[in-house]
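Okay, so here's the structure we're looking at.
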There are 2 protein chains.
Amino acid sequence: MKKETVRKEVTTMKDIAREAEVSVATVSHVINNTKHISDTTRNKVLRVIERYNYVPNSAAKNLRQQSTKTAGLVVSSFPDSFVTEMIFAIEERAKEMGYNLLLVNTNEDRDYEEKTINLLHSKLVDGIILSPTSGDIQYLQNYTNDNFPIVMVNRYESTIENIPRVTGDNFQLGYDATLHLLKHGHKKIGFIYSYPNVSTTNDRIRGYQEALKQYNIPINDDYIVQGYAKVKEGATAAEQLLAKDDQITALFVQNDLMTIGAISKIKELNLSIPDDIAIIGFGDFSSSHIIEPPVTNILLPPETIGRTAFDVLLNKINNPNYMSHIELPPSMLIRKSCGC
Amino acid sequence: MKKETVRKEVTTMKDIAREAEVSVATVSHVINNTKHISDTTRNKVLRVIERYNYVPNSAAKNLRQQSTKTAGLVVSSFPDSFVTEMIFAIEERAKEMGYNLLLVNTNEDRDYEEKTINLLHSKLVDGIILSPTSGDIQYLQNYTNDNFPIVMVNRYESTIENIPRVTGDNFQLGYDATLHLLKHGHKKIGFIYSYPNVSTTNDRIRGYQEALKQYNIPINDDYIVQGYAKVKEGATAAEQLLAKDDQITALFVQNDLMTIGAISKIKELNLSIPDDIAIIGFGDFSSSHIIEPPVTNILLPPETIGRTAFDVLLNKINNPNYMSHIELPPSMLIRKSCGC
DNA sequence: AATATTTAGTTAATCGATTAACCAACTTGA
DNA sequence: TCAAGTTGGTTAATCGATTAACTAAATATT
């Protein structure tokens, strides 16, 4: 039951060599400038290449050179403006450095993540930038033991220390945003996170709790709910929080889509922002300032994180012993939704 | 000045074969299920594979099999919700069909697009889904002559008819949105597009003009301005349109970011939406319904377009003679900004 | 019992480049 | 004039898999 494959007539270096009446080695040297070739021969070869519209077979090249000038980028989610901008920055930096990017989205599926990294490993890419999903990623240890370059971006896994990483300071982020709300007099602050058991969520929650502790406010785990990084689920999470007898007066939401969901739910309930419910979102998403009221956000710099991550990967590729844990500070973009 | 390369100790199939005391062929057959191997041998091999955490070298596999199970996706822009969702859909469909996706963003750079396709060609990928940027893309003809599978998505180039494509019906889209504004009594309608000389823009403008013509309204090219698909530039475009003596009363904007920019500019000018200026945007972006007033959009289905595009590519890969031009109809999501 | 078929493996050619090692012819220098 | 160096190439091994063709042993068939 073999599939009938239509054999493609693809020009190889051999064809070019034959046509130009030189050896394949010469063709290769002309293409790669690896040896001095006389102008006559060089031009003869180039003309044939031109005529046949010849492009060297990358698989063969990769196999021989043990390098692909391609990097893998494995992210766990996608249409969230922070991640999108980070991807964009990595892409851009890769382009600048002469690399291509193989982008894969695991959609928070741990098994798929492992499978993908397996696939990307072994010379399909020179290295991987990974934003891991939750769960045990000890399997990564095998790759790092093999000296296969991996760097973590945005999220990290604290049990694995020997992988370089570039993230935001999410503890500080959680702390700063919460403190801001506390200063406005809020005592019951809801926290809507995307996914559990990932460093971004964990660290922000720790920061949130630390701020509350400093204000001597008891920590209530019921105030911390999941919103799956989506509009609808963000709305549901907000609804759930606002339905409590406790009269929560502020919301701290961890991504743009959930923020939009939460705001639409608050409006639907005919509550006023920020008078009834204050809200702080995450990331400088573009509609923030035209939403009514304009949304106050706490941010991390996606471009810097992305570009830095790629540079770190490059360092790791060139030097297997390279190591660094880079953490970038958050900042706040204060508008109206927090009550300022 | 050769770079000192640290030779990586990578386990090959030969190592596995030696260790399991079988031939490399047997190892290959175990891995690929290409021949019946006794349970004893199979297990012996599998154990060694497990122990060494062995993964076959894809470059070698690709070279031999003349197939990579990877598709290239070349887009010309990125952080726009329509494109993002389309990419997401293509990704998802590729995953379902056992393919990986090599995503490259050309950022509207024609030369980079050509270079990228050159690179992706020749067995780095099995085929390419392309959303071409403007300019002469006759160079594509070389690839299609080689039977290299390419399909165009979202945008197309009308001078090349022998490449399958999946797009929206943008003429209809331009027509419908404009007609809607005309029915509300608007006569001076500004049109803000992202990039010139691409089919999406051209077709929508044709639709826009056709609608005006049917209402016997003279076409004024000054009403058609560029917004570069970005928030800031969208705002500038809106400002430029509203500054005219003509008193434009409606805006038809071709992507989410520019729509957000235009709205913020209108608010900045203390004009009311929809009373002073009606506005119709494009795409069902998530903040549409919480912006004040909620934004009316005309849409195309990014998921259907994306999934279909991948299926078309698959057809083209399996059958070089496959051909189709698929055009999906627009729909409208009416909210308040149009004056309804 | 002789022959045919099945099972379980092996051998070796192959994919299309890169590149170290080699070589021939020509220059240069003393 | 002859050794040394330079120029402009070529030869052939190699990267790490896949797979057609082959073989030996075991099993089935007549």
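In what follows, chains are A, B, ... by sequence order, proteins preceding strands, each numbered from 1.
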* Asked: Would a 4.5 Å heavy-atom cut-off, applied to side chains only, mark I87(A) and N105(B) as touching?
  -> no

* Does a side-chain N or O from H36(B) land closer than 4.0 Å to OP1 or OP2 of dA8(C), or not? -> yes

Sort me out a list of protein N/O and nucleotides 17-19 of chain D N/O pairs below 3.5 Å, or just none if empty.
{"unit_1": "dA17(D)", "atom_1": "OP1", "unit_2": "Y54(B)", "atom_2": "OH", "d": "2.7"}
{"unit_1": "dA17(D)", "atom_1": "OP1", "unit_2": "N57(B)", "atom_2": "N", "d": "2.5"}
{"unit_1": "dA17(D)", "atom_1": "OP2", "unit_2": "M13(B)", "atom_2": "N", "d": "2.3"}
{"unit_1": "dA17(D)", "atom_1": "OP2", "unit_2": "Y54(B)", "atom_2": "OH", "d": "3.4"}
{"unit_1": "dA17(D)", "atom_1": "O5'", "unit_2": "Y54(B)", "atom_2": "OH", "d": "3.4"}
{"unit_1": "dT18(D)", "atom_1": "OP1", "unit_2": "N32(B)", "atom_2": "ND2", "d": "3.2"}
{"unit_1": "dT18(D)", "atom_1": "OP2", "unit_2": "S28(B)", "atom_2": "OG", "d": "2.6"}
{"unit_1": "dT18(D)", "atom_1": "OP2", "unit_2": "N32(B)", "atom_2": "ND2", "d": "3.2"}
{"unit_1": "dT18(D)", "atom_1": "O2", "unit_2": "R64(B)", "atom_2": "NH1", "d": "2.4"}

* **Electrostatic pair E96(A)-R307(A), nearest N-O below 4.0 angstrom** => yes

* **CD/E21(A): more than 12 non-hydrogen atoms of other groups inside 6.0 Å** => no

* Structure fact -> Sorted by chain and number, sequence neighbours left out, side chain to side chain donor-acceptor pair (under 3.5 Å) with D80(B) holds for N255(B)

* Asked: Does Y143(B) have any side chain to side chain donor-acceptor pair (under 3.5 Å) partners at least two apart in sequence or in another chain, and if so, which?
  -> N118(B)

* Asked: Is I37(A) touching bases, backbone alone, or none of the nucleic acid, heavy atoms closer than 4.0 Å?
  -> sugar-phosphate

* Residues in side chain to side chain contact (heavy atoms under 4.5 Å, CB included) with P302(A), at least two apart? -> F82(A), E85(A), M86(A)

* How bent is the helix from dA1(C)-dT30(D) to dA30(C)-dT1(D), comparing axes over its five end pairs at each side, to the nearest 10°? -> 40°

* To do: Sequence neighbours left out, what passes side chain to side chain contact (heavy atoms under 4.5 Å, CB included) with D39(A)? Give chain and number order.
  => R42(A), N43(A)

* Under the side chain to side chain contact (heavy atoms under 4.5 Å, CB included) test, which residues partner T68(B), sequence neighbours left out? -> N62(B), T70(B), D126(B)

What N/O pairs connect the protein and nucleotides 4-6 of chain D at under 3.5 Å? Give each pair on its own line.
none

* To do: State whether a side-chain donor-acceptor pair under 3.5 Å links E92(A) with N107(B).
  => no

* Structure fact -> Separation of dC15(C) atom C1' from D15(A) atom CG, nearest Å, is 13 Å

* Structure fact -> To the nearest angstrom, the CD-C1' distance between Q66(A) and dG16(D) comes to 9 Å

Protein-nucleotides 22-27 of chain C N/O pairs closer than 3.5 Å?
none

* Asked: Does the side chain of L328(B) reach to within under 4.5 Å of the side chain of T167(B), using non-hydrogen atoms?
  -> no

* Asked: Which residue pairs pass the ring pair (Phe, Tyr, Trp, His ring centres under 6.0 Å) test when at least one of the two sits in residues 303-322 of chain A, sequence neighbours left out?
  -> Y99(A)-F310(A)

* Closest heavy-atom pair and its distance - L313(B), I129(B) -> CD2-CG1, 3.7 Å

* Asked: Between atom CG in N62(A) and atom P in dC15(C), what is the gap in whole Å?
  -> 18 Å

* Output yes when R155(B) and E108(B) qualify as a salt bridge under the 4.0 Å nitrogen-oxygen rule, no when they do not. => yes

* Who passes side chain to side chain contact (heavy atoms under 4.5 Å, CB included) against S158(B), sequence neighbours left out? -> Y156(B)

* Give me the residues of residues 38-53 of chain B where at least one heavy atom lies under 4.0 Å from an atom of DNA chain D, by number, or none. => none

* Asked: Side chains of Q65(A) and S67(A): do they bring a donor and an acceptor to under 3.5 Å?
  -> no

